[in-house]
Amino acid sequence: MSETASKATGVPDANRWKALVFIALAQLMVVLDATIVNIALPSAQQDLGISDGNRQWVVTAYALAFGGLLLFGGRVADLWGRKRAFVIGLVGFAAASALGGAATTGAMMFGARALQGVFGALLAPAALSLLAVMFTDARERAKAFGIYGAIAGGGGAVGFILGGVLTEYLDWRWTFFVNIPFAIVAAAGAYFVIREPEGGRNRSPLDVPGVILSTLGLVSLVYGFTRAESDGWGDSVTIGLFVASAVLLLAFVVTEAKVKAPLLPLRVITDRNRGGVYLSLGLAIIAMFGTFLFLTYYLQVVKGYSPIQSGFAFLPMVVGMITGSTQIGTRLMTRVAPRLLMGPGFLVAAAGMFLLAQLEIGSTYASTVLPAMVLLGLGMGTAFMPAMSLATQGVQPRDAGVASAMVNTSQQVGGAIGTALLNTIAASATTSYIKDHIATATNGQQRQLVQLQGMVEGYTSAIWFAVGILVAAAAIALTLVNAGRPGGAAATGEGVEDDVAVPVVAH
């Protein structure tokens, strides 16, 4: 499984670029799955007889399993070896997708989605940590993480397009079946091509208390935000879940500080650069995921776009993200410090959000949505790329899996928080607007106009919050992240904690 000769001589793995193709394919599949099912949800709900009250479980079952088990998945990847965890994750994800596509009842669908989340939690950290240990040259690492960052950021928007096409022209079941060829090709390619460097495994015994506390704590947190969206922030169960989450995660931190072989070594998150990345990335995802949802509804309900049209409306953002990540980020990463890409990147994305906050019923796609999409894509792509690289830079090889899991955890939890938090703000603003204006509507047409205006008022109110969140992400990146550019100032150890003695990156 490892190339001892390459390791001994310090020569990079000859197959690393081929490996990147299969790692990127697997990452695309996982990211696609987060949004592709959203487009298909109304059709699947009708076919399987799922009630309105239970339909959220199609999304929630996946988010809970994925978000709750990510740290455990990262640790298992360090223990088993990333290649093995990657292949098992892919095979399991394909099997769960087949089960979802063949679902005949709501319960079968919920179970399949939870299984997808379980195997996704094994697969995602293994994919990112494989990149971290295979690409050691600063320039090559910049290119590899540029591609990975573009997929991690833009894949969700591609999911809207693919989901629309598959649902409209084939059947909602194909939003699940499409994962199977992705997984088979990626697993076969990984099995034959990936050569994991030797000596990177963490064979310490598994920290069982840490696994239980982190999983229950993260599940409580994600489920708390999900319930807040449907039942309100004052609901007793919602409040109970947040309190339980805080207690469990605090107990987790205390446990990790005391045990000999922690699930999450605190050195991984106390490094100011990695801490800054996890925090700013999580905030950016909160802003982005909530906005995806509002834009989808705005385009389909207010502007009357079909699922395919609204999917393609996201294409400029995908192009912007790929450009920002593979052109701007990759070209500048070896020349400037990461914070000088992350901070301005988040601010450019905030400018895109600012444009979206000006949306009205009569706004045209070309005048408002298109430039906003381009700015969002360019900004996020530029910021994501150095963030993904820095999140695993300087960690000991045996911690690469769990450091990668923290990136995915900040994204997954950020997505759940963003959808719930911004949705609640939007719903409150919509209700308030309609209550204030419905009395002046004298006929059905006017009442419908007030309803639509109320929806747009809700979306823009929430998007203003997203602008603020992105500005906060930029401030955190500029303040906390102090690493020098790869191959430059970082070579002296600037921004890297002393206890992280064996860097993954050859500076």
Side-chain angles (χ1 to χ4, degrees), residues 22-38 40 57-103 107-131 148 151-152 155-156 159 173-191 194 196 206 211 214-216 218-219 222 263 400-402 404-409 411-413 415-416:
F22 301 114
I23 292 168
L25 189 64
Q27 175 64 13
L28 178 62
M29 181 186 74
V30 172
V31 177
L32 277 177
D33 210 70
T35 52
I36 194 171
V37 175
N38 287 1
W57 283 102
V58 176
V59 176
T60 305
Y62 179 79
L64 288 180
F66 197 2
L69 292 170
L70 269 165
L71 283 176
F72 180 48
R75 177 66 182 85
V76 168
D78 286 336
L79 183 67
W80 287 356
R82 286 138 208 132
K83 175 178 172 176
R84 184 181 298 172
F86 184 70
V87 173
I88 291 171
L90 279 166
V91 172
F93 200 92
S97 298
L99 188 67
M108 191 172 167
M109 166 66 80
F110 304 149
R113 288 291 282 163
L115 264 181
Q116 279 186 315
V118 169
F119 286 106
L122 183 62
L123 168 62
L128 184 55
S129 56
L130 275 170
L131 279 193
Y148 187 90
I151 289 168
R173 295 181 185 278
W174 281 96
T175 60
F176 286 89
F177 292 146
V178 74
N179 289 330
I180 299 169
F182 272 98
I184 290 170
V185 171
Y191 184 78
I194 290 177
E196 190 179 342
L206 199 59
V211 169
S214 68
T215 302
L216 291 178
L218 287 170
V219 164
V222 173
L263 172 71
V402 80
S404 303
M406 275 302 298
V407 180
N408 289 285
T409 301
Q411 287 180 291
Q412 198 62 29
V413 172

Any non-hydrogen side-chain atom of [X] less than 4.5 Å from a side-chain atom of [Y]?
{"X": "Met109", "Y": "Phe176", "result": "yes"}
{"X": "Phe86", "Y": "Val91", "result": "no"}
{"X": "Leu70", "Y": "Leu218", "result": "no"}
{"X": "Gln116", "Y": "Asn179", "result": "yes"}

field: Test item: Arg113 side-chain N/O and Ala96 main-chain N/O as donor-acceptor pair under 3.5 Å
entry: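 Flag not set: sc Arg113 to bb Ala96 has no pair under 3.5 Å.
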
Which pair of heavy atoms, one from [X] and one from [Y], lies closest together, and at what distance?
{"X": "Ala85", "Y": "Ala126", "answer": "CB-CB, 4.1 Å"}
{"X": "Leu99", "Y": "Met108", "answer": "CD1-CE, 3.7 Å"}
{"X": "Tyr191", "Y": "Val87", "answer": "N-CG2, 4.3 Å"}
{"X": "Gly73", "Y": "Leu122", "answer": "O-CD1, 3.9 Å"}
{"X": "Phe119", "Y": "Ile88", "answer": "CD2-O, 3.9 Å"}
{"X": "Leu123", "Y": "Ala26", "answer": "CD1-CB, 4.1 Å"}

message: So, using side chain to side chain contact (heavy atoms under 4.5 Å, CB included) as the criterion, who are the partners of Val118 when residues are at least two apart?
response: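 Expected list: Ala65, Leu69.
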
field: Sequence-distant partners of Phe182, side chain to side chain contact (heavy atoms under 4.5 Å, CB included), two or more places apart
entry: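 Only Leu25, Leu28, Met29, Leu32, Val178 meet the side chain to side chain contact (heavy atoms under 4.5 Å, CB included) criterion with Phe182.
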
field: For Phe93, ring pair (Phe, Tyr, Trp, His ring centres under 6.0 Å) partners two or more places apart
entry: none

- prompt: Distance from Leu115 atom CG to Phe110 atom CZ, nearest 0.5 Å?
  reply: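 Those atoms lie 14.5 Å apart.
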
